[in-house]
There are 2 protein chains.
Amino acid sequence: MSSPRPQDSPPTTARGRQRRDALLDAAQQLFLEHGYGQVSVNDIVGRAGGSLSTLYRHFGNKEGLFQAMVERRSHHIYGTLTDEGVDELAIEAALQRLGIDLLVKVMGEETLGIYREVVAESPRQPQLARLFFDGGPGRVRLALADYFERRVQRRLMPACDTVELAGMFLGMLLGEWHLIRVLQLKSPPSRAAIEERVTRCVDLFLHGVQGLPSR
Amino acid sequence: MSSPRPQDSPPTTARGRQRRDALLDAAQQLFLEHGYGQVSVNDIVGRAGGSLSTLYRHFGNKEGLFQAMVERRSHHIYGTLTDEGVDELAIEAALQRLGIDLLVKVMGEETLGIYREVVAESPRQPQLARLFFDGGPGRVRLALADYFERRVQRRLMPACDTVELAGMFLGMLLGEWHLIRVLQLKSPPSRAAIEERVTRCVDLFLHGVQGLPSR
DNA sequence: ACCAATGTGTAGTGTAGACTACACTATCTT
DNA sequence: AAGATAGTGTAGTCTACACTACACATTGGT
């Protein structure tokens with residue numbers, strides 16, 4: 001008798017891992033392109049190859065597959081934001097680097113797709129919301145807050161609620177742009193446009209409106 | 001032969017308007033509570049009273065009903081942000097007032113629900129995205145940009161891209177809070193918490209990090 | 001070589017739900 | 001009163017799709 005495995009547990013054999021990844025890859029592509037609700041499990045199996053039974057053995061149901069996919073991608077996307085040697089930079093440069101990296105990622109189709117699907121499904125799958133936030137945006141915010149905290153320790157910045165401050169900086173960075181891209185009202189910004197915006201954001205963040213250079 | 005009326009056109013009789021509103025009310029309640037995909041047209045008719053045929057006569061199909069509902073609500077929500085006499089206030093007070101009004105609205109269940117549903121459906125209904133943005137967030141951004149523009153004219157503020165600046169201020173205001181509420185990771189903030197946040201935002205916006213008072 | 005775990009393939013089953021057809025009724029205008 | 005316009009109610013069609021059942025094939029460890 002084979003073990004029922006109602007929930008996901010990592011497969012032991014190499015072949016198992018391969019099949020599981022193939023299913024996740026297919027799910028990712030289809031869910032992000034057409035939306036969770038519009039893709040059937042049969043579509044996914046059709047693309048991944050293999051069989052429906054395998055899908056259910058691995059993930060239990062459609063939601064399980066979706067969650068596994070979202071977790072994998074959020075970690076991959078947001079986990080690669082570099083933090084190395086940031087303390088040696090002037091704050092302008094540090095924020096600039098983080099800002100550009102982040103905006104490039106966040107404006108990407110894949111990232112926007114995950115955001116849309118998570119927002120759409122979160123009311124029905126609350127665990128999904130946590131999964132995404134903690135593995136994604138929340139993690140970035142904490143990393144930035146940590147950076148601020150270190151600067152406060154070194155008396156380079158006035159003491160304040162660094163987590164909130166990080167949230168404000170990030171919000172300012174995304175601003176309207178995020179929504180506009182989520183709703184697909186404009187085509188993706190060029191690298192140059194991103195760099196300009198980040199520069200202006202950093203300026204505003206550091207010196208406020210009054211300190212803005214006239215242009 | 002009755003006119004086919006494939007698309008929505010305002011009903012002429014009082015009874016017509018009544019029925020149409022009842023359908024919109026029911027749609028609003030059900031869509032925002034359970035989500036567009038989880039609500040059937042029969043559910044809506046069941047709650048509104050009346051008949052399925054009427055629904056199709058008015059709105060053509062499920063999407064048409066949804067769009068009519070979103071348009072009505074975005075205008076109602078974002079249209080009531082007051083702008084009166086804002087030019088006579090100090091900028092601190094003006095931003096404070098706008099910020100509080102906006103945050104209160106945006107943190108409300110109804111507003112969050114519309115946001116979720118629009119984001120979820122926008123890939124399939126691009127007109128919906130425009131409808132929502134222009135009637136909602138986009139309109140607020142333009143109003144704020146206008147205010148900034150007037151200040152620039154009066155030499156109270158350095159010249160700059162006022163629309164972008166407005167977007168940044170608004171982004172900063174919502175920041176993490178919006179996502180956290182959209183994903184329902186926290187309960188709604190109190191009025192007092194909102195006021196505090198807005199104060200800090202206005203401070204940061206006007207003077208930058210360096211100008212923050214230590215606390 | 002064996003046996004347990006794991007993967008495959010096909011063919012269901014049951015249900016939900018968007019949209020239509022149609023015959024009938026109420027109301028409004030002139 | 002008549003004809004147009006709008007609303008009602010029911011019943012039905014057609015399709016999509018999550019999930020299951022079951023018999024069989026393929027592995028890999030010991």
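What you are looking at is a predicted structure, and each value in this text was computed from that prediction instead of being measured.
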Counting side-chain heavy atoms from C-beta on, which of C:dC19, D:dC19, C:dG9 comes nearest to A:S51?
-> C:dG9
Answer with base, sugar-phosphate or nothing: what part of the nucleic acid does B:S53 contact at a heavy-atom distance below 4.0 Å?
-> base
Which whole-number value in Å describes the distance from B:Q18 CD to D:dT8 C1'?
-> 15 Å
Nearest-angstrom distance from the residue atom CZ of A:F59 to C1' of D:dA18 | 16 Å
Would you verify whether the NZ or CZ of A:K62 falls within 45 degrees of the ring axis of A:F31 while also being under 6.0 Å from that six-membered ring's centre?
-> no
Going by an N to O cut-off under 4.0 Å, is there a salt bridge joining B:R72 and B:D25?
-> yes
To the nearest Å, how far apart are B:N42 CG and C:dT20 P?
-> 13 Å
Looking only at atom types and distance, does a side-chain atom of A:R181 sit under 3.5 Å from a main-chain N or O of A:K186, one as donor and one as acceptor?
-> yes
By nearest-heavy-atom nucleotide on DNA chain D, the more 5' of A:L52 and A:Q38 is A:Q38
Provide, to the nearest angstrom, the distance between the CZ atom belonging to A:R19 and the P atom belonging to C:dT6.
-> 15 Å
Name the nucleic acid region contacted by B:V45, choosing base, sugar-phosphate or nothing; use a 4.0 angstrom heavy-atom cut-off, strictly under.
-> nothing
Atom pair distance, as rounded to whole Å: OH in A:Y56 and C1' in C:dG9 | 16 Å
Taking only side-chain nitrogens and oxygens of B:H58, does any of them come within less than 4.0 Å of OP1 or OP2 of D:dA6?
-> no
Using a cut-off of less than 4.0 Å, is there contact between a side-chain N or O of A:T54 and OP1 or OP2 of C:dT8?
-> yes
Interatomic spacing from CG in B:L165 to SG in B:C160 - rounded to 0.5 Å | 4.5 Å
Tell me: NZ of A:K62 to P of D:dC19, nearest whole Å?
-> 8 Å
Answer yes or no: does a side-chain N or O of B:R57 lie under 4.0 Å from OP1 or OP2 of D:dG7?
-> yes
Taking atom P of C:dT27 as reference, at what distance in whole Å does atom CZ of B:R17 sit?
-> 16 Å
In Å, rounded to the nearest 0.5 Å, how long is the span from CG of A:L103 to CH2 of A:W177?
-> 6.5 Å
Drop me the distance from B:R197's CZ to B:I100's CD1, to the nearest 0.5 angstrom.
-> 13.0 Å
Protein-nucleotide distance (B:L23, atom CG; D:dT8, atom P), rounded to Å | 8 Å
Apply the test salt bridge (Lys or Arg N to Asp or Glu O under 4.0 Å) to residues B:D146 and B:R141: give CA-CA distance (whole Å), side-chain angles for both, the deciding distance (0.1 Å), then the verdict.
-> CA-CA 9 Å; B:D146 268 359; B:R141 181 175 59 140; over 6 Å; no
Paired runs of 3 or more consecutive Watson-Crick or G-U pairs involving DNA chain C, with both pairing distances under 3.5 Å, are C:1-30 with D:1-30
